[in-house]
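First listed ligand is number 1; within each ligand, the first listed atom is number 1. Because only heavy atoms are used, hydrogens play no part in the values below, and waters and symmetry mates are left out as well, while side chains stay in.
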Amino acid sequence: MKGITKILSILLISGIILAGCSGDKDSASSPNYELENVEFPLEEEVTLKFMTQSSPLAPTDPNEKLIYQRLEEKTGVHIDWKNYTHDAFTEKRNLALASGELPDAILDAGFSNYDLLNYAEDGTIVPVEDLIDEHMPNLKKVLDARPEYRDWITAPDGHIYSFPWIEELGNGTERIQVVGGLPWINVKWLDELGLDMPTNYEELKEVLIAFKTQDPNGNGEQDEIPMGTIINGWDQDPAIILGSIGLGDNGDHTVVSEDGEVIFTAMQEGYKDQINYLNELYELGLIDQEAFEQDWNTFISKGDRYGLYFTWDKANVTGMSDDYQVLPTLEGPTGERIIVQQNGGVGFDRGRMVITSSNKNLELTAKWIDQLYDPHHSVQNNWGTYGDTEQQNIFELDEATGMLKHLPLEGSAPVELREKTNIAGPLAILDEYYGTVTTKPDDAAWRLDLLKEYIVPYIKNENYYPHVYYSLEEIEELTTIETDLIEYTNRKRAEWIMNGTVDEEWDEYLQELERLNIDSWLQLKQEAYDRTVN
Ligand code: CA
């Protein structure tokens with residue numbers, strides 16, 4: 001009797017567990033609708049369950065967004081969202097993934113290279129390359145047009161585990177991210193002091209000295225900061241003007257030679273000359289004293305005292321006034337003028353959406369996601385939409401041509417307006433869409449024109465380090481090495497700019513880089529590059 005009760009209880013418990021997993025309305029994922037050869041709109045509406053994240057400015061229920069309402073009408077698929085604000089999302093997502101209570105898919109998933117392989121390995125997310133080939137003509141078209149994106153989303157094991165976000169603005173050496181920060185020089189001060197635009201490093205030094213000593217802002221005080229910068233601060237670092245010295249430099253001290261060799265710039269002979277030049281400026285009092293430790297807010301608070309500074313968009317530091325213009329590329333000791341690209345390529349996020357192993361409607365889900373890669377849809381996903389009668393629109397739809405035209409922002413901040421109405425999910429915007437599917441946003445068009453004039457002609461080497469897909473073992477090794485290597489490299493760079501001892505300490509420095517496994521690092525980076533590019 002006791003035995004039978006025990007068996008019964010076990011059956012009861014199993015029964016309850018089975019019911020919990022069979023896709024009733026409390027389950028985190030949807031039941032199997034047994035749909036094949038799916039065509040939209042479905043004859044009978046079904047529901048998929050997705051997790052996502054949004055800006056706190058956006059509606060709590062994503063279905064209040066016009067883009068999703070139109071998509072539901074078009075597909076006959078209702079999405080039941082679990083939506084979290086950006087600050088809470090990662091923790092909630094990780095909890096759900098750990099509990100096994102998986103939604104059908106995660107949109108705007110924020111999956112890193114490591115996350116993708118880690119959750120693929122334990123079976124939490126599923127490979128999607130067959131779904132792309134069989135059910136996703138829009139995405140397939142993008143990957144056929146740009147095979148490099150297929151390479152960048154294909155894991156070292158040959159599978160694809162995610163749907164990417166791709167935003168091209170220009171491409172090749174004309175892409176908007178070809179460099180990060182631009183050098184902005186105060187031309188009003190040049191005029192005030194009757195100085196010409198500097199063309200080489202010596203002339204730049206003379207101009208900065210004049211900025212410091214001749215009171216160009218005319219207030220009778222020596223309050224000018226000739227060079228505003230955050231040393232080792234990426235877009236705010238002076239690396240962008242050092243391209244004509246040695247091999248130049250960029251934020252991660254990595255360049256790829258024209259022969260495809262991965263090079264660590266911070267161990268090349270010419271690197272010393274860059275440091276010595278910056279040290280000379282520092283000793284003359286031309287570099288902001290706070291350049292080695294300040295945060296972004298401190299940096300921008302001094303904007304109008306800068307003679308020359310570095311950042312992506314001057315609007316964030318000194319506004320859009322014409323007083324600051326791009327400093328033309330300086331001529332180096334060999335008479336050449338050179339710009340070094342930054343690494344990483346185009347606007348690209350590999351892990352923007354994933355499908356979980358709980359999903360029982362793979363074809364349906366794939367076809368729904370493929371709608372997001374329709375060119376008109378992608379454009380709206382990224383920036384926002386048109387025809388909203390309740391709030392400001394990003395676009396108007398030109399009925400005659402079908403083109404989405406950016407409307408004037410009328411004082412609204414572009415990021416805020418976009419976050420309220422876009423969906424930031426997986427999407428692809430190729431450069432050829434501009435002028436056919438959509439217009440360029442004004443801020444992007446302005447920067448692309450500047451790049452074309454001041455930057456692109458001076459890029460002598462077309463190679464850069466792309467978005468390679470590392471294996472879990474590689475990530476582990478890279479992380480171990482870089483923790484010390486990058487910290488040491490950047491610390492010495494800052495010290496040397498201040499104290500000028502790079503030549504004396506150079507051999508010791510190279511030995512330390514060796515001890516920190518620079519050789520293994522270079523080998524790993526080279527292997528990953530070779531399998532991605534070749
Ligand atoms: Ca002054």
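- Around the Ca ion (ligand 1), protein N, O or S atoms at a distance under 3.0 Å total 7; waters are neither shown nor counted.
- Here F111 pairs with Y119 under the ring-ring contact (aromatic ring centres under 6.0 Å, His included) rule; sequence neighbours left out.
- Looking at D388 and K420, no side-chain N of the basic residue comes within less than 4.0 Å of a carboxylate O on the acidic one, giving no salt bridge.
- N393 places a side-chain N or O within donor-acceptor distance of the main-chain N or O of G387, the cut-off being under 3.5 Å.
- Judged as a side chain to side chain contact (heavy atoms under 4.5 Å, CB included), and not counting sequence neighbours, the contacts of I339 are V179, I240, T329, I455, Y458, I459.
- Contacts of K212 classified as side chain to side chain contact (heavy atoms under 4.5 Å, CB included), with partners at least two apart in sequence or in another chain: Q222, P226, L286.
- In this structure, Q177 and Q342 have side chains that are in contact, with non-hydrogen atoms separated by less than 4.5 Å.
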